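Have a look at the structure below before the remarks.
Being a predicted model, the structure only gives us computed values, none of them experimental.
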Amino acid sequence: MANNTIIKKIFAASPYIEVICRKIYWSNIGIWQNIKNKRVKASEFDKSQIDYEAIRKFLVKNGAKKNGVLLVHSAFSSLRGRGKTAADVVDFLLDIVGPQGTLAMPSMPRFKNAVEKTEYLRSSNSEVVYEYDVQKTKVKTGVLPFTLNKRKDSKRSRHPINTMTALGPLAEFFFHGNLDGESPLACGSNSSWKRCVDSDALIVGLGTDLTHSLTAIHVVEDVKDQNWPVKNWYIEKKFRIIDGDFSELKTLRERAPKWGALHFAERTLCRDLISTGILRSTEIDGVLVEALKAKELIDYLNERNHKGYPYYLV
């Protein structure tokens, strides 16, 4: 943890430091993967109780409200065995917005033919078809999204890129027509992510670094589409999308992997969001809890991205 904190501070000193280090990391990804695989992970977890009322107060103070929208990114490892099960935590979040509010979480698919990390930046094979079954494809974004996705009344979007699950009155609205158009983008004008922004969502990080997981930044890129200032931003991929009796083969565009892997100045963005007061961050009983208002995030990015911010050396 201490080493990670030091690295983050170094990266935050200059976006170019982070971008250069990203290039070094990905140029030697095979070596880093071997080191990671050999590393012995600690098996001990904190078993002390978490003050969930303190978490509630923090979220309410920073914009969570009854009848509102919570868009939650999470990592369950720091919550496990500390007073609430995954189902309890989902109930806790639903209670914050109330029965007329909506809880949403990223529920990205785990594709059976996904490329290995060592192959991530290689040119994609445009003939590969990734199968996404809305009802059956596993969730790769954590225990809490998996748990929410299993709820009887929850809904999961048909879009296979940056897929979302939601439960509440706005879920149908979030997901209606996400695939309309010739090549709809995952965070574009008809996307669930754009509709969360338009619905004044509070974006929450629970047990995870929110800036690292901040999918909503792609709303800016995808809504601009051809007017986004960085050329060759997208690649094409083929998907077989299945939802009950529905089945469709669709070619979709997504951000080319190199932009996020090599050019995203994550720690600069985090520093800037905190310094402007957009991102609020605290630690409660060892759990990182962060929050920001979706509209404030998008407005801030739109003011600054004429050269591609928060991407550098593009």
Side-chain angles (χ1 to χ4, degrees), residues 50-80 82-108 139-151 153-157 162-171 174-175 187 191-219 270 273 278-285 287-298:
I50 295 171
D51 187 348
Y52 277 93
E53 280 310 302
I55 295 176
R56 182 194 299 270
K57 288 178 181 178
F58 174 81
L59 295 180
V60 170
K61 179 181 178 180
N62 288 289
K65 56 190 176 183
K66 293 292 183 183
N67 307 329
V69 177
L70 284 185
L71 174 52
V72 179
H73 298 264
S74 62
F76 194 63
S77 57
S78 62
L79 310 176
R80 183 180 286 111
R82 302 184 63 193
K84 289 186 183 295
T85 65
D88 293 335
V89 175
V90 169
D91 287 337
F92 165 75
L93 295 168
L94 287 169
D95 185 65
I96 291 176
V97 295
Q100 295 306 309
T102 301
L103 174 64
M105 295 182 185
S107 59
M108 282 66 155
V139 174
K140 73 173 185 179
T141 41
V143 175
L144 293 184
F146 171 82
T147 303
L148 180 65
N149 195 56
K150 290 296 183 182
R151 291 293 173 100
D153 296 324
S154 71
K155 299 183 183 300
R156 192 182 189 190
S157 91
N162 290 338
T163 308
M164 181 186 291
T165 292
L167 197 162
L170 290 179
F174 287 167
F175 302 145
C187 296
S191 70
S192 57
W193 295 90
K194 175 64 163 56
R195 289 170 182 169
C196 273
V197 172
D198 292 343
S199 301
D200 202 21
L202 183 72
I203 305 178
V204 173
L206 187 59
T208 190
D209 185 319
L210 183 55
T211 311
H212 181 69
S213 307
L214 200 52
T215 307
I217 67 169
H218 306 314
V219 170
C270 181
L273 293 177
I278 293 174
L279 175 61
R280 306 297 176 89
S281 181
T282 190
E283 190 172 293
I284 298 173
D285 295 331
V287 178
L288 181 63
V289 185
E290 298 186 307
L292 57 76
K293 294 178 180 178
K295 286 184 177 179
E296 290 184 359
L297 170 69
I298 300 306

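- The shortest side-chain heavy-atom distance between Leu279 and Glu290 falls under the 4.5 Å cut-off.
- When atom types are taken as modelled, the side chain of Thr147 and the backbone of Ala86 share no donor-acceptor pair closer than 3.5 angstrom.
- Note that the CZ atom of Phe175 and the OG1 atom of Thr165 stand 6.0 Å from one another [nearest 0.5 Å].
- Applying the side-chain hydrogen bond (donor to acceptor under 3.5 Å, both in side chains) criterion to Thr282, with sequence neighbours excluded, gives no partner residue.
- The backbone N or O of Ser107 sits less than 3.5 Å from a side-chain atom of Arg156, completing a donor-acceptor pair.
- Arg82 places a side-chain N or O within 3.5 Å of a backbone atom of Asp285 that can act as its donor or acceptor partner.
- Applying the ring pair (Phe, Tyr, Trp, His ring centres under 6.0 Å) criterion to Phe76, with sequence neighbours excluded, gives no partner residue.
- Using modelled atom types, one side-chain atom of His73 and one backbone atom of Ser213 make a donor-acceptor pair closer than 3.5 Å.
- Residues passing the salt bridge (charged side-chain N to carboxylate O under 4.0 Å, His left out) test with Glu283: none are found, sequence neighbours excluded.
- Partners of Asp200 under the salt bridge (charged side-chain N to carboxylate O under 4.0 Å, His left out) rule, at least two apart in sequence or in another chain, are Lys65.
- Taking Asp209 as the reference, Lys8, Arg267 meet the side-chain hydrogen bond (donor to acceptor under 3.5 Å, both in side chains) condition, with sequence neighbours excluded.
- Every residue meeting the side chain to side chain contact (heavy atoms under 4.5 Å, CB included) condition with Ser78, not counting sequence neighbours, appears here in chain and number order: Val287.
- Looking at Lys84 and Asp91, no side-chain N of the basic residue comes within less than 4.0 Å of a carboxylate O on the acidic one, giving no salt bridge.
- Side chain of Lys66 to backbone of Asp95: a donor-acceptor contact under 3.5 angstrom is found.
- Within the 4.5 Å cutoff, the side chain of Leu206 has heavy atoms near those of the Leu79 side chain.
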